[in-house]
Enquirer: 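Next up is a structure, given as structure tokens.
Labels below follow one simple rule: chain letters A, B, ... track the order of the sequence lines, proteins then strands, and each chain is numbered from 1.
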Amino acid sequence: MNFLDQIWLIPMFPLLGAALMLVVGKMLDPQPVSEVAVAPGVEPIFEHGHDHGHPHHHDHTHGHDHTHDHTHGHPHSPLKFLINFICPGMVLLSFIFSAGAVWQLSQQAERVHQVVKFTWLAGLPFHMANGQLATFQADWGFLLDPLSSVMILVVTGVGFIIHVYSTGYMAHDNGYYRFFGYMNLFVFFMLMLVLANNYALLFVGWEGVGLCSYLLIGFYFHKKSACDAGKKAFIVNRVGDAGFILGMLLMLSVLGTVKFTDVNTLLRSGQFAIETGGFGVLSVMALLLFFGATGKSAQIPLYVWLPDAMEGPTPVSALIHAATMVTAGVYMVARSSALFSLTPKTLLIVAVVGVSTAIFAASIALVQNDIKRVLAYSTVSQLGYMFLALGVGAYWAAIFHLFTHAFFKALLFLGSGSVIHAVGGEQDMRRMGALKDKIPTTYWTMLIGSLAISGIPFLAGFFSKDEILWQAYSSPIGSPLLWAVGFATAALTAFYMWRLMNMTFYGKSHVPPQVEAHIHESPSSMTVPLSLLAIGSILAGWLGTPKLWNLPEFFRSFEAWLEPAFTPAIAAAPEAANAAGESSMELTLMLASVVVAIIGIWVARVLYVQKPEIPDRIEARFKPLYTVLYNKWYVDEVYDFLFVNGLSKGGGLALGAFDRDVVDGSVNGVGWLTRFDSLVSIWWDTWIVDGAVRFSSFFVKMMSYPVCILETGRLQTYAFFIVVGVLAFLGFYVTR
Amino acid sequence: MLIDTVLFYVFALLVLGGGLLTITRRNAVHSAISLIVSLLGVAGLYLLLEAEFLFAVQIVLYIGGIMVLFLFVIMLVNLDEAAKERQFSRQWLVALIAVAAVGAQLAWFIYKGRDAFRFAENAAAAVPEAVGNTEQVADSLFRQYLLPFEIASVLLLVAVVGSVVMAKKRI
Amino acid sequence: MHPIGTVHYLALSAALLLIGTVGVLTRRNIVVILMSIELILNAVNINLVAFSHALHAVGGQIFAIFVITDAVAEAAVGLGILIALFRNKETVLADEIDLLKW
């Protein structure tokens, strides 16, 4: 079976799954009466028109509560298990095909394979910026190269694991088929995104994952907060997409094509000089594309949707907002490495934005009390690391971190879902504690995940994060300042992760008594995926060990695998400049980050297990700082004021002014004009028209008056004129 | 011949004097009588010019017919109030000037052409006619100028009809 | 004194013509105007006869006959008009008959 030629099937399987859910899903899982909590005053939506007169659940809970929908009495549809086979099965099929295709790709000498199914947007001729005539063509084409192969394995592999988890997590929820349909649709779009061979098709996937994100965040659509979060995600993403489209159009105008291979060929050909001087057109192009990436990958300034996206079910957070969708921006920038390598200024901006986001998000995560919020900000922070790596030219390091992050972040999210499931829907960490012995599998897997993210040696996060920090320090376009901020963020990361662990699993139990009785471990459909991901978190990092350790080739294969896909940032980086000094520096930095991680863990332990009263004292002493951090630096409020209110109020004012001045003004103006016109008419009629008539009579009178005088009616006057005539007549003869 | 000259001047005086009196008298009858005197003078001039037939016609027709008619009408129309009115119109001065100008022009013509009228003197040795003036007139009138004669008769007819119509009280 | 030639008659005729014209233009009484017209016609007759005599042609006299005929007709009709006018307007003054004034 030639998997390489069938890579077009890889997205099609989950699409088929989504289509099946659309068509037959309702039949497989009919919806019973919903008892989901609704916003105050809103009637819940009843299926089948039944009204059982059940009481409303008006849960006025603190924080951001997610009332897990347990309707224990509803009839279990006999065909529901089919959904469990269809949807995860489709993703599994995609995974198998992906694995096969990647294996076959690795056997090839030149590791690039394109499959074009048909021409989607056919040749529209247009003029490029330099006057050349080009033809715009976008195919429905799939490109499999080292970069996209990593991505499809991650998406389908982790996706499959999360699908299996969801069969357990969402078992008692309404909308089961809808959930899986959306999830499959999401996987389809994500695979389209990473397999596309041109920016236009990539954008189709880009938009599609945004759509699915909206659908899945707003899955519990009865809740106003969920609907608002869905809208916020979509709209903020849209802002970024505007930048992406502009960048794509600029690319068309300058390069004349959007196909990856053609773009890379053009950019690597030497036709375009490296824009070290100022901000050239390529820098603007790259910046616009990066702006789109900030929207999708939740960087400053468009990260605000990700924390709110935790309104969606936990598997959604795991899949979309940890492992896959948010990495789309990183993938896109890595794919455009040829472009970014020519624009050092933009790369600097990418690095600065990445590292700023990293420390910014970490600072907020320090004081959040909702377990999913902490993980959300942690995701934003880790994504910042990936962009830092991209910004210093270490493209493979960013993808490596993406790879490892997918494992441990999905693990952490699914684990938190398991914890929430255990304590009956509670998400506030202040009401958890001492769960370590009660949910052991969850505890051990989350422990591994936390160790990984903190950068403890030999786990996945250590290798990837350290590589990034080293590249930030040592790359020709990196700087020690970037390293320093990343280093501080690593310290904060360790601290807040262990704060989470301590508050959740250790210390005193703050779980309310009625919940405590029900604490139970999750079913195997949930724990097995956790274990798989934990194994991945341990092993995944060993593919990218540092050169320093001089391990066999296999343990550095990640970089080697990805190398053909990227254009190096600076053409000839003098590597052997200071080899000895460099290696010692690297070792020093590695040790430093390990030490600081351990310090972070130890401080968290002290504050949250041994002396729990200290955090409250710190909070009291640094109340202003605490408040600022707790309120997320008030960014949402600022955005609200500037854009939301500004647009709605400003729009309202503008509309009001428009209505008053322009619309009413024009109506009034027409009225005035009519009156004015009538005045002119009157004047015209009186003076011009009548005037002409009167003038003609006047003129005739004037002209005729001399003649009238002659006509006296008297005989003798006429006789006199006869004599005068004779006089004249004779006078003629006299003079002759 | 001296007598011709004296007679000419006498008759000329009658003519011009009568004319002047005609146009200046207040009383219309006086004007009419003055006109008769003037016409008599004209008749005398005709005799001097050897136009005997015309002399007779002038007396009989002009004086005996027209002037009598005039006198009848003067009697018919009551001119007493008219005699009390102003007699000359307001344009008398300008009329006088215009007429004087015309007169000057005529005088100039006559003066310029006075030598052109001497043809008759050259043919002084004209054979005295065998026939008399009346016979000559009749001869010419009924032969050469027959058509104008007939037209003149029609004209007289029209005049008769017209004056009858004009004088009717109700047409 | 010159012997009386044609010129004298011409001058006399011209003078009579002028007298008659002055009468027509100046007098207000219509009867006198008509009489002045007779003077003019007579002046013309003198002229014609003078030339007839000078040219030894009788045509001038014939013409003079016709002028007299014309004068007769005109006097008759004119006086008839005068009478009709007097009946309607009670005036014989030319100034007062301005019905055709503009």
Enquirer: In terms of heavy-atom proximity below 4.5 Å to chain B, should Ile62(C) be classed as side chain, backbone, both, or neither?
Expert: side chain
Enquirer: Quick one: which of Ala98(B), Gly19(B), Ala83(B) has the most heavy-atom pairs under 4.5 Å with chain C, could you say?
Expert: Gly19(B)
Enquirer: If you count heavy-atom pairs under 4.5 Å between each of Leu93(B), Leu79(B), Val161(B) and chain C, which one has the most?
Expert: Leu79(B)
Enquirer: With sequence neighbours excluded, what pairs up with Phe88(B) under the ring-ring contact (aromatic ring centres under 6.0 Å, His included) test?
Expert: none
Enquirer: Applying salt bridge (charged side-chain N to carboxylate O under 4.0 Å, His left out), can you list everything that pairs with Asp98(C), at least two apart in sequence or on another chain?
Expert: none
Enquirer: Which one, Gly113(B), Gly162(B), Ala32(B), Ser38(B), leads in non-hydrogen pairs under 4.5 Å with chain C?
Expert: Ala32(B)
Enquirer: Tell me, with the steps shown, if Gln61(C) and Asn133(B) meet side-chain contact (heavy atoms from CB on, under 4.5 Å).
Expert: CA-CA 10 Å; Gln61(C) 295 175 21; Asn133(B) 182 260; 2.9 Å; yes
Enquirer: Heavy-atom distances under 4.5 Å only: say whether Ile33(C) touches chain B with side chain, backbone, both or neither.
Expert: neither
Enquirer: So which residue, Tyr145(B), Trp92(B), Phe53(B), ends up with the most heavy-atom pairs under 4.5 Å with chain C?
Expert: Tyr145(B)
Enquirer: By ring-ring contact (aromatic ring centres under 6.0 Å, His included), which residues pair with Tyr111(B), not counting sequence neighbours?
Expert: none
Enquirer: Between Arg28(C) and Gln87(B), does any side-chain donor sit less than 3.5 Å from a side-chain acceptor?
Expert: no
Enquirer: For Arg86(B) and Asp95(C): C-alpha separation, side-chain torsions, deciding distance, then whether side-chain contact (heavy atoms from CB on, under 4.5 Å) applies.
Expert: CA-CA 11 Å; Arg86(B) 172 171 52 86; Asp95(C) 281 2; 4.2 Å; yes
Enquirer: Side chain, backbone, both or neither: which part of Val15(B) has an atom under 4.5 Å from a heavy atom of chain C?
Expert: both
Enquirer: Out of Ala159(B), Ser89(B), Ala51(B), which one racks up the most heavy-atom pairs below 4.5 Å with chain C?
Expert: Ser89(B)
Enquirer: Who wins among Ile110(B), Leu106(B), Leu54(B), Leu48(B) for the most heavy-atom pairs under 4.5 Å with chain C?
Expert: Leu54(B)
Enquirer: Taking the six-membered ring for Trp, are Phe8(B) and Tyr9(C) ring centroids under 6.0 Å apart?
Expert: yes
Enquirer: Is there any residue in residues 55-62 of chain B with a non-hydrogen atom under 4.5 Å from a non-hydrogen atom of chain C, and which ones are they?
Expert: Val57(B), Gln58(B), Leu61(B), Tyr62(B)
